[in-house]
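Notes follow the structure.
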Amino acid sequence: MEVGGGVEWTAPGMGLILDVSGRTLLAHGDDDLKDRGFSAALAWDPAPATGRGASLSLRQDFGGRATGGLDALFQPAALDDRTGGGEATSRWALEAAYGLPVLGGRFTASPHVGVGLATGARDYSVGWRLTPEGATAPELSFGFKATRRESDTQAAEHTFGVELTARW
């Protein structure tokens with residue numbers, strides 16, 4: 001059995017969003033199994049309705065996943081493997097983006113860069129997203145991201161990902 005929750009505060013006039021969430025495993029057949037996570041995020045986006053212009057987000061995660069609920073139960077990895085052994089780890093992530101009108105203003109292209117810092121590890125990423133604009137536009141987005149992960153104990157790892165999101 002697990003419990004979780006969160007609170008989000010927005011100040012649309014300033015373009016600020018503060019989000020705090022957490023989750024903890026209360027009971028499990030293995031009494032030694034511990035899993036809890038907390039996160040806090042601060043985002044600045046002065047034009048969230050369009051996604052155009054500058055945006056910045058800063059997030060700190062502590063412990064395991066701060067969200068998940070039932071989704072966490074259906075992950076392919078065993079719960080023992082997903083908890084990190086109950087160790088409390090901390091991670092910071094910062095992302096900056098700038099949305100530009102493209103293709104006659106019907107779409108917004110957002111190049112973005114990010115950095116993630118954890119104990120003994122660093123991530124650097126660069127990417128690009130394309131989303132349609134307008135009230136009647138389909139909820140469809142496309143993006144890609146390249147990441148370099150550095151660790152104090154392993155060789156640098158490079159990844160490239162493509163994301164396609166559709167909602168109906």
Side-chain angles (χ1 to χ4, degrees), residues 1-28 30 32-99 108 110-129 131 139 141 143-154 156-157 159 161 163 165 167:
M1 177 170 57
E2 69 179 3
V3 65
V7 175
E8 182 178 280
W9 173 80
T10 61
M14 294 185 292
L16 292 176
I17 299 172
L18 175 63
D19 180 29
V20 178
S21 60
R23 180 185 64 79
T24 186
L25 181 65
L26 293 177
H28 189 272
D30 180 357
D32 293 333
L33 186 62
K34 306 288 183 218
D35 185 25
R36 68 183 58 101
F38 305 95
S39 73
L42 179 63
W44 174 74
D45 187 351
T50 66
R52 294 186 178 165
S55 65
L56 186 66
S57 68
L58 176 65
R59 174 178 203 88
Q60 199 227 353
D61 297 311
F62 183 75
R65 289 179 44 166
T67 60
L70 288 176
D71 293 338
L73 296 176
F74 297 107
Q75 287 185 346
L79 184 59
D80 295 348
D81 298 338
R82 289 184 271 134
T83 61
E87 295 178 19
T89 59
S90 178
R91 176 172 168 71
W92 288 90
L94 174 70
E95 182 179 279
Y98 196 89
T108 298
S110 302
H112 57 91
V113 296
V115 63
L117 302 171
T119 305
R122 295 151 307 281
D123 292 349
Y124 305 99
S125 63
V126 62
W128 180 80
R129 289 184 207 98
T131 55
E139 295 214 23
S141 66
F144 66 85
K145 181 164 75 169
T147 304
R148 174 183 171 91
R149 177 165 290 142
E150 298 176 352
S151 171
D152 292 345
T153 59
Q154 298 176 354
E157 176 184 316
T159 58
E163 180 180 84
T165 304
R167 294 188 176 105

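Computed from a predicted structure; not experimentally measured.
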- Note on the structure: d(M14 CE, D45 CG) to nearest 0.5 Å is 14.0 Å
- Query: Out of curiosity, T108 OG1 to Y98 OH, how far, rounded to the nearest 0.5 Å?
  - Reply: 11.5 Å
- Go through the side-chain N and O atoms of S39 and Q60 and say whether any donor and acceptor fall under 3.5 Å apart. no
- Atom NZ of K145 and atom OG of S125: how far apart are they, to the nearest 0.5 Å? 5.0 Å
- Item | All ring-ring contact (aromatic ring centres under 6.0 Å, His included) counterparts of Y124, not counting sequence neighbours | none
- Query: Under 4.0 Å between a Lys/Arg side-chain N and an Asp/Glu carboxylate O for E157 and R122?
  - Reply: no
- Message: To the closest 0.5 Å, what do you measure between CD (E8) and CG (D19)?
- Response: 5.0 Å
- Query: Would a 4.5 Å heavy-atom cut-off, applied to side chains only, mark L58 and W92 as touching?
  - Reply: yes
- Task: Give the minimum heavy-atom separation between S110 and G99, together with the two atoms involved.
- Result: OG-CA, 3.6 Å
- Smallest heavy-atom separation, F62 atom then S90 atom, equals CD1-CB, 4.1 Å
- Task: Kindly compute the distance separating CZ (R59) from CG (L94), expressed to the nearest 0.5 Å.
- Result: 13.0 Å
- Give the intermediate values and the outcome of salt bridge (charged side-chain N to carboxylate O under 4.0 Å, His left out) for residues R149 and D123. CA-CA 4 Å; R149 177 165 290 142; D123 292 349; 2.8 Å; yes
- Roughly how far, to the nearest 0.5 Å, is CH2 of W128 from NE2 of H112? 10.0 Å
- Would you check if the side chain of T10 reaches a backbone N or O of P12 as a donor-acceptor pair within less than 3.5 Å? no
